[in-house]
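Numbering of ligands and ligand atoms starts at 1, following listing order.
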Amino acid sequence: MVLKVAHRGQIPPFIVMDVMRAAAKREAEGASVLHLEVGQPSTGLPEGVRAELARRIMDDTLGYTVALGLDGLRSAIARFYRETQNADVDPARIAITTGSSAGFVLAFLAAFEAGDRVGLAMPGYPAYRHILTALGCEPVLIPVGPETRYQPTVEVLDRLDKPLDGLIVASPANPTGTVIPPEDLQALVTACGERGIRLISDEIYHGITYGPAAVSTVGMAEHPVVVNSFSKYFCMTGWRLGWLVLPPELVRPVECLAQNLFISPPALSQHAGIIALDHREAFEGNIQRYARNRRILLDGLPAAGLTRFAPADGAFYLYADVGHLTNNSLDFCARVLNETGIAITPGLDFDDTDGARWVRFSFCGSTETVATAVERLTPWLEGRKSSGRAGL
Ligand SMILES: Cc1ncc(COP(=O)(O)O)c(C=O)c1O
């Protein structure tokens, strides 16, 4: 008898993870691969943080913590907001999560009913729409482009044919890197408050900007759900540690969901998070490296014929138009990997229509990796230019 496979699990893949697998396979076969696919800093925790963590956990059993996380970490995050945003956040509103990914599951379950319509920018981070789909919510894809710097605006919301129950914004955004100016962000928060739209603000790339800093929604009176993580600024992808700042009415629902779904976030990682927050300045050198890497791509790729990019104000991605070379970014990236050993991500991960003509370069690796990638890619792209789209 054929057993049923639930419809809910039949969501599209997170394509970048498939690219990562293909790249790892090539490496295992002995090929040299330059990783510009995943948003994973090549530097881990600074030595000082590791040493302090090793000392602190000697006598700790590292058992379960309470579901919302260690009080010491929740207070350290509240202090972080006081120091960086001049905002007073009650630590009781902070929930520690297993990466921001688990934060999304908790926040969406607590805030939205099955069938609720949740808006999100396209191109945008794919897991938003796929998690919403798995939970039975309706992702409402809002196409955005250069005219709104790839971000949703109040005017864009006004043009939707049916009202939304929720809206997800990310600033800086993945894959475009664009930052929403403070006044536009406040306008969106206010408009959502007036219309009863629950705003989810993904602030995972805060601290990684190349112009004006991104402003948090954490101090705003409307209490959007703030999502953040130790994965990006703090380079702790594999530690699986993130947090939510919740409006008061969602704290207990999130606590009960977290108790039942995850019991607690990882204890070891929570201790590491407390120490990392104490050593914030030790991570600043990484931002300078990302800025150098970004410049190498922005200077090098136009010489290779790629000239149209999203602004890349922050995060560590360059979203580039390759529409003159292909109408299938999946095939294009597979060929780039096979023929040059450079792993990059197809735009189709972020936008299931126009993404066919875009690719994303992640530049959080070493400067040598990024520079070598430009060197290798330039002659390859030159070759494609002469063969044109038909060549791919
Ligand atoms: C915009 C955005 N949000 C959330 C995440 C999830 O990160 P994590 O679960 O490691 O906190 C990512 C990962 O790349 C991301 O780009």
* Does any N or O in the side chain of S329 come within less than 3.5 Å of the main-chain N or O of V359, such that one atom is a donor and the other an acceptor? -> no
* Check F230 against ligand 1 and report side chain, backbone, both or neither, counting heavy atoms closer than 4.0 Å. => neither
* To do: From the options Y125, W243, F14, W239, select the one whose nearest heavy atom is closest to atom 15 (C) of ligand 1.
  => Y125
* Option whose closest heavy atom lies nearest to atom 7 (O) of ligand 1, chosen from G238, S100, G242 -> S100
* Would you say ligand 1 has an N or O under 3.5 Å from any N or O of Y128? -> no
* Asked: So, H35 versus E27: side-chain donor-acceptor pair below 3.5 Å or not?
  -> yes
* **Side chain to side chain, Q186 and E222, heavy atoms closer than 4.5 Å** => yes
* Asked: To which protein heavy atom is atom 13 (C) of ligand 1 closest, and what is the distance rounded to 0.1 Å?
  -> K232 NZ, 3.3 Å
* Going only through I, L, V, M, F, W and Y residues with side-chain contacts under 4.5 Å, is there a path from M122 to V169? -> no
* Structure fact -> G99 heavy atoms within 4.0 Å reach ligand 1 at atoms 9 (O), 11 (O)
* Does the pair I208 and Y210 meet the rule for a side chain to side chain contact (heavy atoms under 4.5 Å, CB included), with working shown? -> CA-CA 7 Å; I208 309 175; Y210 310 103; 3.5 Å; yes
* To do: Take the angle between the ring planes of F230 and F234 and call it parallel below 30°, perpendicular above 60°, tilted in between.
  => tilted
* To do: Using only heavy-atom distances, determine whether the side chains of T367 and N293 contain a donor-acceptor pair under 3.5 Å.
  => yes
* To do: Answer yes or no: is there a side-chain heavy-atom contact under 4.5 Å between T133 and P139?
  => yes
* Asked: Is N174 in polar range of ligand 1, meaning some N or O pair under 3.5 Å apart?
  -> yes
* Asked: For ligand 1, is there an atom lying under 4.0 Å from some heavy atom of Y205?
  -> yes
* **Nearest neighbour in protein (non-hydrogen) for atom 9 (O) of ligand 1** => S101 OG, 2.5 Å
* Look at atom 3 (N) of ligand 1 and say which protein heavy atom is nearest, naming residue and atom and giving the distance to 0.1 Å. => D202 OD2, 2.7 Å
* Is a side-chain donor-acceptor pair under 3.5 Å present for N228 with H206? -> no
* Per-atom contacts of ligand 1 with R240, taking only distances under 4.0 Å to non-hydrogen atoms -> 8 (P), 9 (O), 10 (O)
* Can you tell me which residue and heavy atom of the protein come closest to atom 10 (O) of ligand 1, and the distance to 0.1 Å? -> S231 OG, 2.6 Å
* To do: Assess T237 for proximity to ligand 1: is some non-hydrogen atom of it under 4.0 Å away?
  => no
